[in-house]
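First up is the structure itself, then whatever we jot down about it.
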Amino acid sequence: MRDTLSLLDQVPFPAIRRGKLDTLQVNVGYRCNQSCFHCHVNAGPNRTEEMSAQVADVVLDFVKRRRIAMLDITGGAPELNANFRHLVTEARKLGTKVMDRCNLTILEQPGQEDLAEFLCEHRVEVVASMPCYLQDNVERQRGKGVFDGSIRGLKKLNALGFGRDPRLTLNLVYNPQGPALPPPQASLEADYKRVLGENYGIVFNKLFVLANMPIQRFGSTLVSKGQFGDYMKLLRSSHSDANLDSVMCRSLVSVDWQGYLYDCDFNQMLGLPLRIAGKPRAHLRDAIGRDLDGNAIVVRDHCYGCTAGQGSSCGGALA
Ligand code: SF4
Ligand code: SF4
């Protein structure tokens, strides 16, 4: 895979600082049952990084002592981690909201037959990747058979009440096929609701529209095709200062499978740790008693992917 970090230091991104922390985003490992073309994690079935039970307990300690409002669990396919259900169950007992970034096809994997019921029982907010409502586009990004598996997964979630019952949130995630900015979120959400509703009887709450980050598999492909420079120009020229106030790193901190901290999942994948008091990297256990408010955020040119156009975050458009 081609390196992109060395290409992300061309035009300085504005300095930004942390605000109040409300979300702990935990990447429990890079193993996944899929190997999507646009994956910023470079996840796949052969990745071996997995969060241990000891680190999962540090996560729960942090959630409890810092009264974290939202535990956002991601991967890879986070449900494949042996400690996933423990994290969910214990965090919910603490009254913390839990979000599962689910690829939908995991719901049919051996050993995961009861996953949808588990998510339902614990009122986990499901955020599911669905980069198009058309089969060809989904399978070009995510692999053959993924569209039908995703539709079956959505139907299963709907049957349990996700997307219908106000206590069972089901949000979908769109990202563009290639090096272009995403279309306006509201109109695309209306298209998704119409097509998925009419063709498959599927309902969901919101569509989160995300820009592709010029890193890992997607960034590497852009470099190979000679499109990296043009995509970066597009992101920089579409930058809006108004989005700086709401980029997700102001209120979220990202934790890797070993418990080290980053300002966001993208920085985690680039190996750019969160800096506390000038230290090269910090562990979650060192941050339990430390206030991160006002801490400088580590930025590079990929950050323009968060501020271009309508803006982009794990929760969709910022504008
Ligand atoms: S994009 Fe999601 S589903 Fe696809 S390989 Fe990456 S982690 Fe797995
Ligand atoms: S890439 Fe990460 S650090 Fe940069 S603006 Fe986006 S969320 Fe913040």
Side-chain angles (χ1 to χ4, degrees), residues 4-5 8-9 12-19 23 25 27-47 49 72-81 100-107 109 127-131 138-143 145-147 149-150 153 172-175 210-219 235-236 239-241 243-254 257 261-275 295-308 311-316 318:
T4 54
L5 180 58
L8 295 173
D9 223 353
F13 189 81
I16 46 177
R17 290 187 175 274
R18 298 195 145 271
T23 298
Q25 188 176 65
N27 193 318
V28 294
Y30 306 153
R31 187 158 56 106
C32 188
N33 57 312
Q34 295 183 190
S35 303
C36 307
F37 149 70
H38 67 285
C39 183
H40 75 267
V41 179
N42 196 21
N46 298 326
R47 296 297 298 257
E49 300 87 345
D72 176 345
I73 311 181
T74 187
E79 306 88 346
L80 292 175
N81 182 287
D100 174 29
R101 298 203 175 259
C102 176
N103 69 16
L104 294 173
T105 61
I106 194 70
L107 296 166
Q109 291 293 301
V127 178
S129 302
M130 191 70 180
V138 170
E139 300 205 342
R140 207 171 301 136
Q141 265 193 32
R142 297 174 76 76
V146 169
F147 183 79
S150 301
L172 301 188
V173 177
Y174 162 91
N175 60 282
L210 270 62
N212 286 317
M213 276 287 159
I215 64 173
Q216 295 285 28
R217 258 181 224 147
F218 184 75
L235 295 182
R236 287 189 203 109
H239 165 79
S240 165
D241 269 346
N243 289 327
L244 288 170
D245 283 344
S246 43
V247 284
M248 62 186 175
C249 48
R250 287 193 180 273
S251 57
L252 164 157
V253 72
S254 161
W257 60 281
L261 296 177
Y262 304 81
D263 287 303
C264 70
D265 203 46
F266 305 124
N267 284 10
Q268 180 181 146
M269 298 312 145
L270 286 167
L272 294 171
L274 180 147
R275 308 293 295 264
N295 208 59
I297 293 166
V298 176
V299 293
R300 292 285 188 283
D301 294 7
H302 65 295
C303 296
Y304 290 105
C306 291
T307 56
S312 176
S313 76
C314 284
L318 303 176

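Just so you know, ligand 1 is whichever comes first in the structure, and atom 1 is the first atom listed for that ligand.
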For ligand 1, indicate whether the residue R101 contacts it via side chain, backbone, both or neither (heavy-atom separation under 4.0 Å). neither
Where S313 and L210 come nearest, the two heavy atoms and their spacing: O-CD1, 3.2 Å
Using a 4.0 Å cut-off to any heavy atom of C264, which atoms of ligand 2 qualify? 1 (S), 2 (Fe), 3 (S), 7 (S)
Separation between CG (L172) and SG (C102), nearest 0.5 Å, reads 10.5 Å
Between F218 and H38, does the ring centroid distance fall short of 6.0 Å? no
Any donor-acceptor N or O pair under 3.5 Å, side chains T74, D265: no
Okay, side chain of R250, backbone of L244: is any donor-acceptor separation there less than 3.5 Å? yes
Quick one: does G76 get within less than 4.0 Å of ligand 1, heavy atoms only? yes
Give the residue, atom name and distance (to 0.1 Å) of the protein heavy atom nearest atom 2 (Fe) of ligand 1. R142 NH2, 4.5 Å
Any atom of ligand 2 sitting under 4.0 Å from a heavy atom of V298? yes
Taking R18 first and then D263, would you say they form a salt bridge - that is, a charged N and a carboxylate O separated by under 4.0 Å? yes
Atoms of ligand 2, numbered as shown, that sit under 4.0 Å from any heavy atom of H302: 1 (S)
Close-contact set for ligand 1 against N103 heavy atoms, below 4.0 Å: 3 (S)
Heavy atoms only, cut-off 4.0 Å: how does R300 contact ligand 2, side chain, backbone, both, or neither? neither
min-distance protein heavy atom vs atom 8 (Fe) of ligand 2 -> C249 SG, 2.3 Å
Just which atoms of ligand 2 are under 4.0 Å from any heavy atom in M248? 7 (S)
Should you measure from each heavy atom of C306, which atoms of ligand 2 turn up under 4.0 Å away? 1 (S), 5 (S), 6 (Fe), 7 (S)
For I297, is the nearest heavy atom under 4.0 Å from an atom of ligand 2? yes
Checking a contact table here: which protein heavy atom is nearest atom 6 (Fe) of ligand 1, and how many Å away? C39 SG, 2.4 Å
Could you grab the distance from atom SG of C306 to atom CE of M213, nearest 0.5 Å is fine? 3.5 Å
Which protein heavy atom lies closest to atom 4 (Fe) of ligand 2, and at what distance to 0.1 Å? C303 SG, 2.3 Å
Would you check if atom 8 (Fe) of ligand 1 lies under 2.8 Å from any N, O or S atom of C32? yes
Would you say the side-chain atoms of Q141 pair up with the backbone N or O of C36, donor to acceptor, closer than 3.5 Å? no
Should you measure from each heavy atom of C36, which atoms of ligand 1 turn up under 4.0 Å away? 1 (S), 3 (S), 4 (Fe), 5 (S)
Nearest non-hydrogen partners of S129 and R142, listed with the distance: CB-NH2, 3.2 Å
What's the spacing between C249 SG and Y262 OH if we round to 0.5 Å? 15.5 Å
